[in-house]
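Proteins get letters first, then strands, A, B, ... in listed order; numbering begins at 1 in each. If you're wondering where the values come from, they're calculated on a predicted model, not measured in any experiment.
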There are 2 protein chains.
Amino acid sequence: MVLKVRKKVVALPGCPMSKCMNLLGGCWTPEVLWSLSEGPRRFSELRRDSPFISAKVMTSRLRDLEHRGVLTRNVMPTSPPTVEYELTGLGKELLPAIRSIVAVGSRLLLRDSTA
Amino acid sequence: MVLKVRKKVVALPGCPMSKCMNLLGGCWTPEVLWSLSEGPRRFSELRRDSPFISAKVMTSRLRDLEHRGVLTRNVMPTSPPTVEYELTGLGKELLPAIRSIVAVGSRLLLRDSTA
DNA sequence: CGGTATCCAACACGATACTG
DNA sequence: CAGTATCGTGTTGGATACCG
């Protein structure tokens, strides 16, 4: 099992920050979005990107994001079913925030290893 | 009671995003940091900024952020005790990410009202 | 492959009451 | 003013097993 830090995110509707945090505040949500940021990916690819996310949570996160219009789910009618997830315009609008988060995180990591 | 959306944030150590989300992924954490972004504030001021945060959560959030080095807690030896919270350098490093989040959220709100 | 259903335990939150 | 302690509650995520 992976070391985990869990916290809850509660947000107030109508405020900009909440508007955004509602979309990316979910458990593992930023990771999923990040995986999708460079193009469409399949379910199993996403799972490989983030092996520590259980299938249940991955599914629920994807469904959630789909309902919120952040990504689309395309089922290809192949013999072994293939499903592709892709960010929508709305999803892509979230990327700057995610990139900022990653950028800040990277700086913090550097700082740690430097210190 | 306020409409709430709750989600958990689980993060993996060693990855930039987790590094940052660990710091601002907590419940109400972005709101608190945002309140502090323009200068030191007292406990009661913070509570007024975000009336929907219970005292217990506010305290725990502040303690947490203090331990992580995101903010400092200064107790002034006045007769009614006065406590001021202020962002540290680390805390200020998080602001760009928060600003991005707010910026994206604002755009999303506009989009909503326009649509 | 891409899920879904069930069970389960862990938190983390809100409310309340009390303190220096 | 600025908390802390306690209780009760509910959501949520992990694990496991199963399906088209």
[N] [atom2] sits how many Å from [X] [atom1], rounded?
X: A:Leu46; N: C:dC1; atom1: CG; atom2: C1'; answer: 13 Å
X: B:Tyr85; N: D:dC1; atom1: OH; atom2: P; answer: 14 Å
X: A:Glu66; N: C:dG2; atom1: CD; atom2: P; answer: 15 Å
X: A:Arg48; N: C:dG3; atom1: CZ; atom2: P; answer: 14 Å
X: B:Glu45; N: D:dG3; atom1: CD; atom2: P; answer: 13 Å
X: A:Asp64; N: C:dT4; atom1: CG; atom2: C1'; answer: 16 Å
X: B:Met58; N: D:dC1; atom1: CE; atom2: P; answer: 14 Å

Would you say that [X] contacts [Y] through its side chain, given a criterion of any heavy-atom pair below 4.5 Å between the two side chains?
X: B:Val102; Y: B:Val104; value: no
X: A:Met17; Y: B:Ile98; value: yes
X: A:Glu66; Y: A:Thr72; value: no

Test side-chain hydrogen bond (donor to acceptor under 3.5 Å, both in side chains) applied to A:Arg42 - qualifying residues, sequence neighbours left out: none
For B:Thr78, what residues pass the side-chain hydrogen bond (donor to acceptor under 3.5 Å, both in side chains) criterion, not counting sequence neighbours? B:Thr82
Going through the distances and angles, do A:Leu87 and A:Leu95 end up as a side chain to side chain contact (heavy atoms under 4.5 Å, CB included)? CA-CA 10 Å; A:Leu87 291 183; A:Leu95 291 180; 4.0 Å; yes
Under 4.0 Å: is that the gap between some side-chain N or O of [X] and OP1 or OP2 of [N]?
X: A:Arg61; N: D:dG13; answer: yes
X: A:Ser54; N: D:dG13; answer: no
X: A:Arg42; N: C:dC1; answer: no

Below 3.5 Å is the cut-off: list the nitrogen or oxygen pairs between protein and nucleotides 4-8 of chain D, distance only.
unit_1, atom_1, unit_2, atom_2, d
D:dT4, OP1, B:Arg63, NE, 3.4
D:dT4, OP1, B:Arg63, NH2, 2.7

Hey, which sits more toward the 5' end of DNA chain D by its nearest nucleotide, B:Leu62 or A:Ile53? B:Leu62
State yes or no: do B:Val75 and B:Leu65 share one hydrophobic cluster built from I, L, V, M, F, W and Y residues joined by side-chain heavy-atom distances below 4.5 Å, directly or via other members?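 Yes, one cluster joins them.
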Hey, could you give me each pair passing side chain to side chain donor-acceptor pair (under 3.5 Å) that has a residue in residues 98-109 of chain A? Not counting sequence neighbours. A:Ser100-B:Ser100, A:Arg107-B:Glu93
Which nucleotide wins on minimum distance to the side chain of A:Pro81, given the candidates D:dC1, C:dG3, C:dC1? C:dC1
Closest to the A:Trp28 side chain, choosing from D:dG14, C:dG2, D:dC1: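 It is D:dG14.
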Indicate, with a heavy-atom threshold strictly under 4.0 Å, whether A:Thr82 touches base, sugar-phosphate, or nothing.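 Sugar-phosphate only.
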Would you indicate what A:Arg47 reaches in the nucleic acid, counting non-hydrogen atoms under 4.0 angstrom: base, sugar-phosphate, or nothing? nothing
Donor-acceptor under 3.5 Å (A:Thr88 side chain, A:Gly91 main chain): yes
Please enumerate all residues that pass salt bridge (charged side-chain N to carboxylate O under 4.0 Å, His left out) together with A:Arg41, with sequence neighbours excluded.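 By the salt bridge (charged side-chain N to carboxylate O under 4.0 Å, His left out) rule, A:Arg41 matches A:Asp49.
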For the helix from C:dC1-D:dG20 to C:dG20-D:dC1, what is the angle between the axes at its two ends, each from 5 pairs, rounded to 10°? 50°
